[in-house]
Amino acid sequence: MALEIRGPVGFSPRGMAELSKAYEPGEVEESWYRRWVEAGCFRGDERSDKPAYSIVIPPPNVTGILHMGHVLNNTLQDILCRRARQEGKEVLWLPGTDHAGIATQTKVEQKLREEGTTRREVGREKFLEKVWEWKDHHGGIIIEQLKRLGCSCDWERERFTMDADYSREVLRVFTELFKKGHVYRGKRMVNWCPASLTALSDEEVLMTPQASKLYYMKYELVEEPGTFLQIATTRPETLMGDTGVAVNPKDPRYGHLIGKHARRPFPEADIPIVADEHIDPEFGTGVLKVTPAHDKADFEIGVRHDLEIIDVLHPDGTINCPACPDLDGKDRFEVRKLAAAKLDAMGLLEKVEDYENKVGFSERAGVPIEPRISMQWFLKYPQVERATEVVAKGEIVFRPERWKKTYLHWLENIQDWCISRQLWWGHRIPVWYRKEKAAELREAENLDVSHLEQGDIHVGSEAPENPEEWEQDGDVMDTWFSSWLWPYATMDDATQEKFYPTSDLSTGPDIIFFWVARMIMAGLEFKNEIPFENVYFHSIVRDIEGRKMSKSLGNSPDPLDLIANYGADALRYGLMRIAPTGLDVKFDEKQIEEGRNFANKIWNACRYRQMQGAVEGEPGEPNIFAIDILSKLESLEQRLARALTNYAFNDAAQQLYQFFWSEFCDWYLEAVKGDFRDDADPGRRASTLQVMDRVFERYLQLMHPYMPHLTEEIWEKLACGDEGELLMQRALPTEGASVGFGISDLAKAEARERVVAIYESVSQVRNLKAEYNLAANRNVRLIMKPVGPWVEAERATILLLCGAKEIEFSASYEAPKGTPVAVTAMAEVHLPLEGLVDLEAEKKRIDGEISKVQKELSRSEGMLGNPKFVENAKPEVVQKERERLEEWREKLTQLEELRGALS
RNA sequence: GCGGGGUUAGCUCAGUUGGUAGAGCAACUCGUUUACACCGAGUGGGUCGGCGGUUCGAAUCCGUCACUCCGCACCA
């Protein structure tokens, strides 16, 4: 048989340098990362002829630091990219950061406060300078951390959402959408953050359950003095803004009151009682106080009934009500209590109940938002229909698929996007007003193209000429209004030509609306194409108790500490192994420890190989163990390819683990150890070394995307590739040219059958030894009745694996009564006990075996005895069951004979 | 309320068209034989959340209930 093994010999471990006993990742990782960068391995070449594969990184906040979610997501992307390179693709992984408007501005403002000043004092221009300084100072951190993780991004193409060319595109897009009428301005009820002093989009508001109170108060009826209307509210602090009271028109209790008036206690006013379908008669008293300025639903009721709008809140959440000096200027939550007390004092508070409701919180600032009417810029989303279609029809594939539903549901109920923010850090709205008309235009709703045509306003990426005649809009845009262009605005034309649309996007499901949906719409609108083909939604990393990781809980480990303690490869692998598709992953440091242990296992297996030295002399024919491990490697390669095609990263990780630790180390390496003894056959030794080298070579390749540093280090130490060839650059064999090594299926099947029989027998003998407390005894003697002559040929290996001194083959052996025996597919194996024979123990043991077999047998007989099974089941299933039954029967006969001999 | 997950060994989780329930960790018993104690050998441990249905056969498909998590919309 001719083995198709590359080259006449195996590796020649360079210089036979001693490998350290344990793998030490620290230095190895840093030096390899440097070498990859120097060799240009990460560069995505837009002029390449190879098929393109591209990913844009979900840009982290520029001043952020790496957390476990980043580690998970970026490891996934790195695996995809490294694997794609191995598959012969031209890969671009485009990195960059996001300016993160509110988050960054908040941090800098915080710093200013510590310095005893504020952004208003400093002024817009100076403040922005300070933010840029902050960005330059803190901006590189997360990028450096990604490098420590081993991410193979094309750093020469690193982008920032506030880069000059990127910004220009953001402004251009705004302008285009304005001219198309998609961007408009209007006075609307928006989510207002009293801490950041800006409007927010609906997506930036988190509805959070709150333990609050339901206040039952009473308003006197104007037309019927002495009669009161009971009203329940959670927000007595806004009652000064009440301009109506609403009941359901069908509610029999209140029908007679419609059209009459209630008296607002303070500031005292008579407000109309209106009928509105929106009111739920079941809730509270069935009467709602209507505060159109501070509640979305109330606002709409107000519009329907033409109620007055009275704003009783300042932007910072303090009360604005000069008519009530005792409340004016105080914080909203303080006023809640004060107003309740005041009502109570007036005898208008009936009762207070504990009540749990959901309150919108600002995602960033963590304070309750206020619904507030203000003048803002809005976007009527473009391409909603096509964005629905491309996902519904699978042009863009979501994985796991169920996120599709979430996405489509959001699109169905889509609301216009409030894109203006009352911040300074970000892309400033590119709209200028003529100075003399500025005041008027600022208040003008529906600022449309007509103003443009009349020359009143200027909208465009460039400032107008004669800037002194113009005044620019003060707002900036929502950060996501720049992020949604990320897949293409980060690329120049030539790069887009090669790499756009991108191949895969990997991100968390928490930003499916914020980012993914919007990118799809932007891609369709501005490039007339989908921005990516696949979206992989990864798990959310939680702590071991299932809580979300957060700074305040202190349950979020610093990935850099983990890298320092276990190595980046261990972190990557440990996380991948437990990251299920779409389920949350509960993180435990133990998992990283396992990653480290595995890295060390691979390291030591290689160390063992290296200790054997170069392949010398003419290799002999491959034996059954060689054929078996090579065909297992081949099977690994196929299963891995399938798993990665399906983005089953954890499955792939598990396959890699199982093959190496169990099949290769625990079985194969143990089976071939005899080949390296001084008295071993040189041809066999050479052959085994050669096979080991093939396994290492291919395995390191397959493992590389998961543990890039370790594998690259070993690849070099074992001199696997061609001179100077990096593992990272080495292509996998093309499809079909697998690791079969030209071994026939027949040979594989035969080897497989024999190896399975041997391994099973070895397990049983070890088991017997353990039961008879002989596990440590290497002097045992085994006597076998083999099933065929081939068994005898494997004597040496069986001896080694069983930990025995001697094996005697004898078809006619008659064991002394009570000799422990194992019945296997290879032989009847007797373990003669010198001296002490515990007859009762052996009887009991064999009885146990018999009862196990009988159980299987009766199950099998039951199935086959059922004519419906035989009729209906697939023929191969029936056939398999018959074979099984036969095996059980043989085994039972054998065991019963042995048992009989004991009595 | 609407939608989507989850419930399998003490723990964390696999289980791909229905066909003998698995892994790692933990526990326990052995063991340092020339890779590795970040190791090796072995053992114990599960009515696959409950009930019902389809089927020769269900962890797997359907229905229903329970508990739990996550979105979305909410009643002040």
Side-chain angles (χ1 to χ4, degrees), chain A residues 19 21-23 207 214-215 231-235 238 246 278-291 295 297-298 301 355 357-358 400 402-403 405-406 409-410 413 509-510 512-513 540 542 544 546 566 570 577-578 580 582-588 590-591 593-612 642-643 646 648 650-651 654 657-658 661-662 665-666 669-670 673 676-677 762-763 766-771 773-778 800 803 855-856 859-860 862-863 866-874 876-878 880-881 884:
Chain A
L19 294 184
K21 202 170 170 185
Y23 174 55
M207 297 308 286
L214 196 53
Y215 299 86
I231 305 175
T233 181
T234 53
R235 302 206 62 188
T238 62
H278 175 258
I279 311 305
D280 177 3
E282 302 295 315
F283 187 86
T285 61
V287 186
L288 173 71
K289 74 183 196 64
V290 185
T291 322
D295 185 281
D298 288 14
I301 294 172
Y355 180 66
N357 63 346
K358 281 186 183 169
R402 61 191 158 80
W403 293 111
K405 206 156 185 171
T406 306
H409 181 256
W410 183 75
N413 300 287
D510 47 338
I512 189 167
F513 312 135
I540 303 279
R542 296 176 176 278
I544 194 66
Y566 301 102
R577 187 138 172 263
I578 53 151
L583 268 182
D584 289 350
V585 42
K586 287 187 195 162
F587 176 79
D588 186 347
K590 271 241 165 338
Q591 292 145 350
E593 199 178 313
E594 275 176 45
R596 178 201 58 183
N597 295 353
F598 188 34
N600 191 56
K601 187 75 180 179
I602 298 171
W603 176 260
N604 270 290
C606 294
R607 185 162 159 254
Y608 179 69
R609 164 65 190 91
Q610 201 179 34
M611 286 168 61
Q612 311 311 328
R642 205 177 316 131
N646 294 324
N650 57 338
D651 183 24
Q654 188 54 35
Y657 188 95
Q658 158 76 17
W661 202 308
S662 168
C665 291
D666 289 347
L669 285 187
E670 293 305 322
K673 274 184 175 169
F676 303 133
R677 289 220 288 247
V762 168
S763 287
R766 286 170 176 172
N767 186 338
L768 280 184
K769 283 177 68 180
E771 285 196 39
N773 291 323
L774 296 170
N777 189 341
R778 304 188 69 75
L800 186 68
K855 223 170 119 188
E856 294 296 342
R859 193 195 59 82
S860 200
M863 277 174 86
N866 182 345
K868 286 185 174 171
F869 169 71
V870 181
E871 273 166 41
N872 298 328
K874 277 179 271 181
E876 60 266 31
V877 172
V878 178
K880 208 171 156 191
E881 200 53 45
R884 223 179 265 153

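Quick caveat: nothing in here was measured; it's all calculated off a predicted structure. To find a chain, count down the sequence lines: A is the first, B the second, and so on, and within it residues start at 1.
Comparing B/A58 with B/A21, their C1' atoms are spaced 12 Å from each other, to the whole Å. Atom name P, nucleotides B/G3 and B/G44: the rounded distance is 47 Å, in whole Å. Nucleotides B/A14 and B/G52, compared at atom C1', are 28 Å apart to the nearest Å. With P as the reference atom, B/G53 and B/G57 are 12 Å apart, rounded to whole Å. The P atoms of B/G15 and B/A9 are separated by 15 Å, rounded to the nearest whole Å. Taking atom P on both B/U16 and B/C65, the two are 26 Å apart, rounded to the nearest angstrom. Comparing B/A27 with B/U68, their P atoms are spaced 32 Å from each other, to the whole Å. B/C56 and B/A41 have their P atoms separated by 45 Å, given to the nearest Å.
At a threshold of 4.0 Å, the pair A/R884-A/E881 counts as salt-bridged, since one of the basic side-chain nitrogens sits closer than that to a carboxylate oxygen.
Nucleic acid contact for A/Q654: sugar-phosphate only, since backbone atoms but no base atoms lie under 4.0 Å from a heavy atom of the residue. Here A/M207 lies out of heavy-atom contact (under 4.0 Å) with every strand. No contact: A/A599 has no heavy atom under 4.0 Å from any strand. A/D588 comes within contact range of no nucleotide atom at all, as no heavy-atom separation falls under 4.0 Å. Using a 4.0 Å heavy-atom distance criterion, A/R642 is classed as making no nucleic acid contact. A/G595 comes within 4.0 angstrom of no nucleic acid atom, judged by non-hydrogen atoms across all strands. In this structure, A/K358 reaches the bases: a heavy-atom distance under 4.0 Å links it to at least one base atom across the strands shown. Among the atoms of the strands shown, base atoms are found under 4.0 Å from some heavy atom of A/I279. Using a 4.0 Å heavy-atom criterion, one finds that A/S763 contacts the sugar-phosphate atoms exclusively. Within 4.0 Å (heavy atoms only), A/E871 reaches no atom of the nucleic acid at all. Counting any heavy atom pair closer than 4.0 Å across all strands shown, A/C606 reaches no nucleic acid atom.
Pairing of B/U47, defined by two Watson-Crick or G-U wobble distances under 3.5 Å, is not identified with any nucleotide. Figure legend. B/U29 is base-paired to B/A41; pairs are counted as Watson-Crick or G-U wobble with both atom distances under 3.5 Å. Pairing for B/C2 goes to B/G71, judged as Watson-Crick or G-U wobble with the two contacts each under 3.5 Å. The partner of B/U34 cannot be assigned: no Watson-Crick or G-U wobble pair with both contacts below 3.5 Å exists in any strand.
Contact between the side-chain N/O atoms of A/K405 and the OP1/OP2 oxygens of B/G3 is not found at any separation under 4.0 Å. OP1 or OP2 of B/G40 lies within a sub-4.0 Å distance of a side-chain N or O belonging to A/K601. Side-chain N/O atoms of A/N646 include none lying less than 4.0 angstrom from OP1 or OP2 on B/U16. Regarding contacts with the backbone of B/C2, every side-chain N or O of A/H409 stays at 4.0 angstrom or more from both OP1 and OP2.
Between A/K586 and A/N872, it is A/K586 whose nearest contact on RNA chain B lies nearer the 5' terminus. Remark on RNA chain B: of its neighbouring residues A/L214 and A/N767, the 5'-side contact belongs to A/N767, judged by nearest-heavy-atom nucleotide.
Side-chain to base pairing of A/E594 with B/A23: no donor and acceptor N or O lie closer than 3.5 Å to each other.
Nearest to the side-chain atoms of A/L669 among the listed nucleotides B/A35, B/G19, B/C75 stands B/A35. Residue A/K590 has its side chain nearest to B/C25 when only B/A76, B/G19, B/C25 are considered. Looking at the side chain of A/T406, the nearest of the listed nucleotides B/G71, B/C25, B/U12 is B/G71. Nearest to the side chain of A/K673, among B/C56, B/A35, B/U20, sits B/A35. For A/Y355, the listed nucleotide lying nearest its side chain is B/A76; candidates were B/A76, B/G19, B/A73. Each of B/G3, B/C72, B/A35 was ranked by its minimum atom distance to the side chain of A/F513; first place goes to B/C72. Minimum atom distance to the side chain of A/W661 is reached by B/G40, of the listed B/A37, B/U34, B/G40. With B/C74, B/G19, B/C39 as the candidates, the nucleotide lying closest to the side chain of A/N597 is B/C39. The listed nucleotides are B/C74, B/G71, B/A35; the one nearest the side chain of A/N604 is B/A35. Candidate nucleotides B/U43, B/U20, B/G40 were compared by shortest atom distance to the side chain of A/D666, and B/G40 ranks first.
Taking the side-chain hydrogen bond (donor to acceptor under 3.5 Å, both in side chains) definition, one finds that A/N600 meets it with A/N604, sequence neighbours left out.
Residue A/K880 holds its NZ atom at 10.5 Å from NZ of A/K874, rounded to the nearest 0.5 Å. Going from atom CD1 of A/I512 over to atom CH2 of A/W403 covers 6.5 Å, rounded to the nearest 0.5 Å. In this structure, CD in A/E593 is found 9.0 Å from CG in A/D588, a value given to the nearest 0.5 Å. Note that CG of A/N597 is 9.0 Å distant from OH of A/Y566, once rounded to the nearest 0.5 Å.
A/M863 places its CE atom 13 Å from the P atom of B/C56, with the value rounded to the nearest Å. What separates CG of A/N650 from P of B/G24 is a distance of 16 Å, to the nearest Å. As a whole-Å value, the separation of A/E670 CD from B/A35 P is 8 Å. The interatomic distance linking A/E881 (CD) with B/G18 (C1') rounds to 15 Å, in whole Å. Between A/M611 atom CE and B/C36 atom P the separation is 7 Å, expressed in whole Å. Distance CZ (A/R766) to P (B/G42): 5 Å, rounded to an integer number of Å. Distance, A/L800 CG to B/G40 C1': 13 Å, rounded to whole Å. We find that OH of A/Y608 is positioned 5 Å from P of B/A35, with the value rounded to whole Å.
When all heavy atoms of A/C665 and A/A605 are compared, the pair lying nearest together is SG-CB, 4.0 Å.
Formation of a donor-acceptor pair under 3.5 Å by the A/K673 side chain with backbone atoms of A/L800 is not found in this model. Put simply, the side chain of A/D295 gets close to the backbone of A/A297: a donor and an acceptor are under 3.5 Å apart.
Each of A/Q612, A/M611, A/R607 was compared with A/R609 under the side chain to side chain contact (heavy atoms under 4.5 Å, CB included) criterion, and only A/Q612 meets it.
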